[in-house]
Number of protein chains: 2
Amino acid sequence: MPTDKNIEPTINDGHASAPPRAAKKILDVARDLFYRQGIRAIGVDEIVRRAGVTKPSLYRSFPSKDELAASYLRQYDLEFWDRFDEAVDAHPGDPRAQIKAFLTRVGKRTQMPQYRGCGMTNAAVEYPERGHPARVVSEANKQELRRRLRAMAVAMGAGDADTLGDGLLLLIEGAYISGQLFGAGGPAQSVATNADLLIEASLKK
Amino acid sequence: MPTDKNIEPTINDGHASAPPRAAKKILDVARDLFYRQGIRAIGVDEIVRRAGVTKPSLYRSFPSKDELAASYLRQYDLEFWDRFDEAVDAHPGDPRAQIKAFLTRVGKRTQMPQYRGCGMTNAAVEYPERGHPARVVSEANKQELRRRLRAMAVAMGAGDADTLGDGLLLLIEGAYISGQLFGAGGPAQSVATNADLLIEASLKK
DNA sequence: TGACAATGTTACCGATCGGTACGTATACAT
DNA sequence: ATGTATACGTACCGATCGGTAACATTGTCA
């Protein structure tokens, strides 16, 4: 008889239905572990153990570990665009200020004690194989980010908008990686400053 | 009786000695597989199989898989600085040209069909745990790269040399990641152009 | 209350993980 | 020829990998 009963203070909101309770716990735990330790580093056994469920519960909600990883990344994708659009919406019609706002926040996030980089980028590094479910989500996210950055570069009136958009993407990816490589005090703290310098230089052409 | 005898056309150079022959084959194979597929993705069994040796041979030359990975990265480190210094030596006393030369080559490398990013960066992503043998080598390499880039920024006479040096590092890391994320035609192809723009902007301050 | 579907659990699968105990083959000096 | 050291191979270890079959429990409706 297990001593830890399933407390969980009525996550069952008002109305009935409410799909799998276990699925949410699993995804929550997986998201945390996958992000902090890496997807390959975490086994399904540890996920279900920390989630307080068992393995078949996982495999009824997710067809495989790879698909669970993809689900984690799809959620990451939503949260990413929330953060991105938040910076965009804060400065309507001013793409340069939008970039600056977004990158200022990125710069701060990368300095936080247990920052572990971009979940998308990390997943692509862990799964170089084309077509892997996790990688597919990651690549789609990056393609869209590139598209939007280039569009913003156009809106800024850059001479070579594609180059500027790509340059911003390089700085952003560099910040993600440097954040987890150097920790606080690393190069990522200057990402907003460098981006603005690059924008300035690109507009004068 | 195995049919494949140990041919190996006299890798035994002139003088005697020549420590374990197996160790070299193992490291060669490990380097290729670790780089292309990732360290966690490759098991020691596959390494010894492709190297045509057996597991005890691996563990007589390397204390553990983690240390084998560290050895792979130490070799990667040497080759990296060879490439870096090659660009530096090609333009004595002209740090801006040195950077441009190095990044032009990086930009080209990232466009190659089976480019898989920087082995150092990838290893750090795969092993976020502090103190892991592979991560130790990776972090040391990045710290040194940062130091040299900042020194070059000073030599260029940048107003804020540390910021420029870090900005260049961000672009470089971004190129490594983008190269494997987007493949040919990705943002990494513009790394040299963007770096020069950033340098230009940083010198005018 | 009874039926049904959704969710939970126990116990297990073959494959592979990193790593090792122990015997064998080969090279060289005497 | 024979001793000795060193490099290599056979066979195996327990643990963990991702995944599943069969069964028990629960909640929700009529």
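Note on naming: letters A, B, ... go to the chains in the order of the sequence lines (proteins, then strands), and numbering restarts at 1 for each one.
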From B/Glu200 atom CD to B/Met156 atom CE, the distance as rounded to the nearest 0.5 Å: 11.5 Å

Nearest-Å distance for atom pair NZ/C1', residues B/Lys55 and D/dT10: 12 Å

Distance-only donor-acceptor check, side chains A/Gln37 and A/Asp32, under 3.5 Å: no

A/His132 and A/Tyr127 aromatic ring geometry - parallel, tilted or perpendicular at 30°/60° bounds: parallel

Residues B/Ser61 and B/Lys24: side-chain donor-acceptor under 3.5 angstrom: no

Spacing between B/Ile26 atom CD1 and C/dG18 atom C1', to the nearest angstrom: 14 Å

Of A/Arg60 and B/Arg60, the one whose closest DNA chain D nucleotide lies more 5': B/Arg60

Residues within residues 123-135 of chain B bordering DNA chain D, heavy-atom distance below 4.0 Å: none

Atom pair CG/CG of B/Asn194 and A/Leu198 - distance to nearest 0.5 Å: 5.0 Å

Minimum side-chain heavy-atom gap B/Ile47-B/Val53 below 4.5 Å: no

C/dT20 OP1/OP2 closer than 4.0 Å to side-chain N/O of B/Tyr59: no

Sugar-phosphate, base or nothing in reach of B/Ser57, heavy atoms under 4.0 Å: sugar-phosphate

Under 4.0 angstrom between A/Thr54 side-chain N/O and C/dT9 OP1 or OP2: yes

Which nucleotide in C/dT20, D/dT20, D/dG9 has an atom nearest any side-chain atom of B/Val53: D/dG9

Rounded distance (Å) that lies between atom C1' of C/dC17 and atom CD of B/Glu46: 13 Å

A/Glu173 side chain vs B/Gly174 backbone, donor-acceptor pair below 3.5 Å: no

Heavy-atom check, side chain of A/Phe182 versus side chain of A/Thr110, under 4.5 Å: no

Distance, rounded to the nearest Å, where B/Leu58 contributes CG and D/dA7 contributes C1': 14 Å

Side chain of B/Pro56 (C-beta onward), nearest among C/dT10, D/dT10, D/dG18: D/dT10

Nearest-Å distance for atom pair CD/P, residues B/Glu67 and C/dG19: 10 Å

A/Lys24 NZ to C/dG8 P, straight-line distance once rounded to whole Å: 14 Å

Between A/Gln189 and B/Asp166: side-chain donor-acceptor atoms closer than 3.5 Å: no

Residues touching DNA chain D, which here means a heavy atom under 4.0 Å, drawn from residues 28-44 of chain A: A/Ile42, A/Gly43, A/Val44

d(CG, A/Asp66; P, D/dG18) in whole Å: 9 Å

Nearest listed nucleotide, side chain of B/Asp45, among C/dG18, D/dG18, D/dG9: C/dG18

Separation of C/dT10 C1' from A/Arg49 CZ (nearest whole Å): 18 Å

Test item: side-chain donor near acceptor, A/Ser178 and B/Lys142, under 3.5 Å: no

Short side-chain N/O contact from A/Lys65 to OP1 or OP2 of D/dG18, under 4.0 Å: yes

